[in-house]
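When a ligand or atom number is given, it counts from 1 through the structure's own listing order.
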Amino acid sequence: MSTDKTEGSSESLNFLEEIIEADLREGKVTSVLTRFPPEPNGYLHIGHAKSIALNFGLAQKFGGKTNLRYDDTNPTKEEQEYVDSILADIRWLGFEPAKVLYASDYFDQMYDWAKELISRGLAYVDFSTAEEIAALKGTPTEPGKDSPYRNTSPEENLALIERMKVGEFPDGHCVLRAKVDMASPNMHLRDPIMYRIKHDHHHRTGDKWCIYPMYDWAHGQSDSIEGITHSICTLEFAPHRPLYEWFIEQLDIFPSRQFEFARFNLNYTIMSKRKLLQLVQEKHVRGWDDPRMPTISGLRRRGYTPEAIRDFARRIGVAKRENLIEISLLEFCIREDLNKVSLRRFAVLRPLKVVVTNYPEGQEEWLETENNPEAPETGTRKVAFCRELYIEQDDFMENPPPKYFRLSPGGMVRLKSAFIIRCDEVIKDAQGNLVEIHCSYVPESRSGQDTSGLKVKGVVHWLSARHAHPAEVRLYDRLFQLEDPGAEDDFKNSINPNSLEIIENAMVEPALVEANDGDRFQFTRLGYFCADPDGTAEKPVFNRTVTLKETWVKK
Ligand code: ATP
Ligand code: MG
């Protein structure tokens with residue numbers, strides 16, 4: 001498990017906290033304002049959760065604030081559905097943005113600033129094709145060459161950007177480039193593109209614009225407009241930083257500063273929105289919120305708690321180098337939390353009928369069992385015991401190996417919170433299939449008041465057949481078979497064909513029928529489960545969030 005030793009302890013700070021602490025101490029900034037800047041082109045995933053927890057956490061630590069700013073500069077891929085889901089997910093994680101803002105709100109200001117740069121000879125319209133621009137760009141070891149349009153006069157360029165803006169040119173006909181340095185060793189400074197033409201409807205600005213700013217032109221300017229003090233992004237933007245600073249210096253606007261940390265990957269899954277979208281569109285999963293998805297909405301539907309996700313984000317720390325985090329760390333975090341908070345319930349996934357032959361037909365009694373031994377204040381509930389019961393098929397073996405402590409012919413087992421039973425007879429059909437087992441119970445062995453003197457090693461969960469309610473249970477496995485599926489040519493080649501197992505005829509105790517969507521439980525001995533919105537009163541549906549212990553082994 002990879003954890004950052006510096007985080008979580010009160011005396012030492014991570015490197016971003018150190019920077020902010022020093023900035024405040026030295027008076028470089030007087031208050032802290034961070035932002036979370038997602039592009040609304042998909043649902044948020046666990047990688048974004050890290051960025052959210054980091055940005056909001058840093059601000060909280062130093063008494064500052066955090067904006068949510070949608071980086072909505074690419075009309076083709078962005079949708080209102082994504083905008084809505086992003087805010088809902090941030091709130092569910094437990095954070096409230098100081099302001100909800102959009103880069104598209106600043107399109108007018110960006111355009112004015114672009115004209116300012118043009119009039120000072122710092123930007124020009126280039127009619128070269130994309131190939132020509134690329135060819136003149138040079139290589140990291142070889143300087144680039146000037147475009148033939150590089151020395152057009154500011155007056156001409158001002159007229160041209162206006163013509164671009166009003167829609168005189170088709171898509172891709174020309175671009176606006178900043179005039180920085182074609183010989184810079186940093187390729188991002190070789191006259192980067194500021195605007196491109198895209199005749200496309202924008203989810204907020206409609207058809208007002210047909211030129212859209214590039215990331216480098218929009219991002220720092222938006223930060224500056226909002227007065228962001230610490231603009232935290234992932235490592236791949238480090239080479240963009242000189243350009244981020246160049247634009248801000250040339251315009252002499254609020255000096256936002258950029259800092260980078262390493263993005264993390266999670267094994268056995270992918271975290272690119274583009275690839276996640278493919279899984280959804282090609283129906284490899286049931287939707288963005290499929291419980292197998294690494295999206296926040298998928299994790300929520302799976303039964304994850306915001307607390308567990310925040311704990312995970314804290315444990316992985318703030319790294320300076322990209323790393324692959326084990327999904328078992330995420331599972332560890334959810335077990336830790338659910339063990340403390342989830343109510344215990346009985347469910348039998350694959351029922352085997354048990355007839356208690358010495359218990360009178362028609363009689364029943366209600367036995368007390370704990371709701372959560374980790375939280376005694378949750379009290380107890382009563383479960384019905386009667387003549388016909390269900391136990392798990394797995395908890396019975398006709399020919400058991402040595403040291404098998406569950407039920408077998410002639411053997412005894414304790415029914416949790418109830419009695420000891422002995423298996424007297426195995427009933428089979430004409431084909432030799434197991435139909436049911438006949439047992440006798442020991443009346444003096446009642447849990448808590450056991451005077452039987454019997455010692456049994458196995459304890460199994462069970463249900464009263466008459467009171468049990470049918471339910472569907474969904475068990476999940478890793479979505480991918482490879483540890484790093486994103487590294488493959490086609491990540492879809494390693495999709496795990498058995499990532500979902502549906503058990504249609506499980507049985508649950510009556511208390512579970514009233515479960516509301518999202519309610520979380522521990523099914524005794526089976527794992528942590530959560531009620532799924534697909535469920536109905538007749539047939540509730542439960543997702544297994546995680547098993548009780550780490551059981552997964554590399555294949
Ligand atoms: P993706 O490639 O999955 O689409 P992205 O970086 O393009 O991710 P954005 O919407 O642009 O997605 O990201 C919003 C913020 O979340 C950015 O600051 C980005 O750096 C951060 N972020 C995205 N993925 C991760 C990750 N795996 N680890 C840490 N931060 C991440
Ligand atoms: Mg992005």
Side-chain angles (χ1 to χ4, degrees), residues 2 4 7 14 16 34-59 66-74 76-79 81-83 85-87 89-90 93 95 97 100-103 213-216 218-220 222-223 226 228 230-241 244 256 258-280 288 293-299 309-310 312-327 329-330 484-487 491:
S2 159
D4 183 337
E7 246 198 321
N14 69 46
L16 290 170
T34 59
R35 87 287 170 267
F36 174 64
E39 184 180 353
N41 61 347
Y43 279 65
L44 296 182
H45 53 62
I46 184 79
H48 296 116
K50 169 70 208 177
S51 176
I52 292 167
L54 179 62
N55 278 294
F56 281 87
L58 284 170
T66 305
N67 289 344
L68 165 61
R69 180 174 71 241
Y70 294 103
D71 183 13
D72 57 347
T73 54
N74 182 358
T76 335
K77 297 192 217 149
E78 295 160 6
E79 284 172 32
E81 178 194 350
Y82 300 142
V83 169
S85 74
I86 287 170
L87 183 56
D89 285 349
I90 293 171
L93 281 173
F95 301 105
V100 177
L101 302 162
Y102 297 82
M214 301 298 287
Y215 172 86
D216 288 311
H219 200 83
S222 302
D223 282 345
E226 292 174 17
I228 301 299
H230 298 83
S231 176
I232 291 149
C233 61
T234 40
L235 224 49
E236 68 274 21
F237 290 101
H240 297 244
R241 188 172 0 114
Y244 182 100
S256 298
Q258 174 184 306
F259 302 92
E260 305 90 19
F261 75 106
R263 65 171 60 221
F264 76 93
N265 294 306
L266 202 56
N267 65 1
Y268 299 101
T269 193
I270 47 165
M271 276 206 269
S272 140
K273 279 181 281 183
R274 185 176 56 79
K275 290 177 179 170
L276 293 173
L277 178 63
Q278 274 184 57
L279 293 179
V280 174
W288 282 101
M293 290 280 271
T295 51
I296 313 267
S297 49
L299 291 167
I309 295 177
R310 293 201 303 263
F312 172 74
R314 190 182 58 73
R315 284 172 190 273
I316 62 177
V318 186
K320 287 188 179 176
R321 239 185 292 154
E322 244 186 71
N323 46 5
L324 189 64
I325 302 284
E326 301 211 2
I327 202 161
L329 178 62
L330 184 61
D484 191 4
F491 70 98

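The shortest N or O to N or O distance between Phe261 and ligand 1 is not below 3.5 Å. Checked by distance only, ligand 1 and Glu236 stay at 3.5 Å or farther apart across all their nitrogen or oxygen atoms. In terms of polar-atom proximity, defined here as any N/O pair under 3.5 Å, Phe264 does make such a contact with ligand 1. Note: an N/O pair closer than 3.5 Å links Thr234 and ligand 1 by distance alone.
Those atoms of ligand 1 that come under 4.0 Å of a heavy atom in Ser272, given as number and element, are 3 (O). The contact set between ligand 1 and Ser51, taken as ligand atoms under 4.0 Å from a residue heavy atom, comprises 15 (C), 16 (O), 18 (O), 21 (C), 30 (N). If you number the atoms of ligand 1 from 1 as listed, the ones under 4.0 Å from a heavy atom of His45 come out as 3 (O), 24 (N). If you number the atoms of ligand 1 from 1 as listed, the ones under 4.0 Å from a heavy atom of Gly47 come out as 25 (C), 26 (C), 27 (N), 28 (N), 29 (C), 30 (N), 31 (C).
Arg35 has no carboxylate O lying under 4.0 Å from a charged side-chain N of Glu226, or vice versa, which leaves the two without a salt bridge.
Checking Leu101, Ile86, Ile52 one by one against Leu68, the side chain to side chain contact (heavy atoms under 4.5 Å, CB included) holds for a single residue, Ile86.
At a heavy-atom distance under 4.0 Å, only side-chain atoms of Phe36, from C-beta outward, approach ligand 1.
For Tyr82 and Glu39, the side-chain atoms include no donor-acceptor pair closer than 3.5 Å.
Comparing Glu260, His48, His219 by heavy-atom distance to atom 22 (N) of ligand 1, the nearest is His48. With atom 7 (O) of ligand 1 as the reference point, the heavy atom nearest to it among Lys273, Lys77, Glu322 is part of Lys273. When the heavy-atom distances from atom 2 (O) of ligand 1 to Arg274, Arg263, Lys275 are ranked, the shortest goes to Arg263.
Asn267 contributes a side-chain N or O that, together with a main-chain N or O of Ile327, makes up a donor-acceptor pair within less than 3.5 Å.
Residues Phe56 and Pro97 meet the side-chain proximity criterion, which asks for heavy atoms closer than 4.5 Å. Contact of the Phe312 side chain with the Ile325 side chain is registered, since non-hydrogen atoms from C-beta on lie closer than 4.5 Å. Looking at Phe259 and Thr34, their side chains never come closer than 4.5 Å, going by heavy atoms from C-beta outward.
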Test ring pair (Phe, Tyr, Trp, His ring centres under 6.0 Å) applied to Phe237 and Tyr215, step by step: CA-CA 11 Å; Phe237 290 101; Tyr215 172 86; 4.6 Å; yes

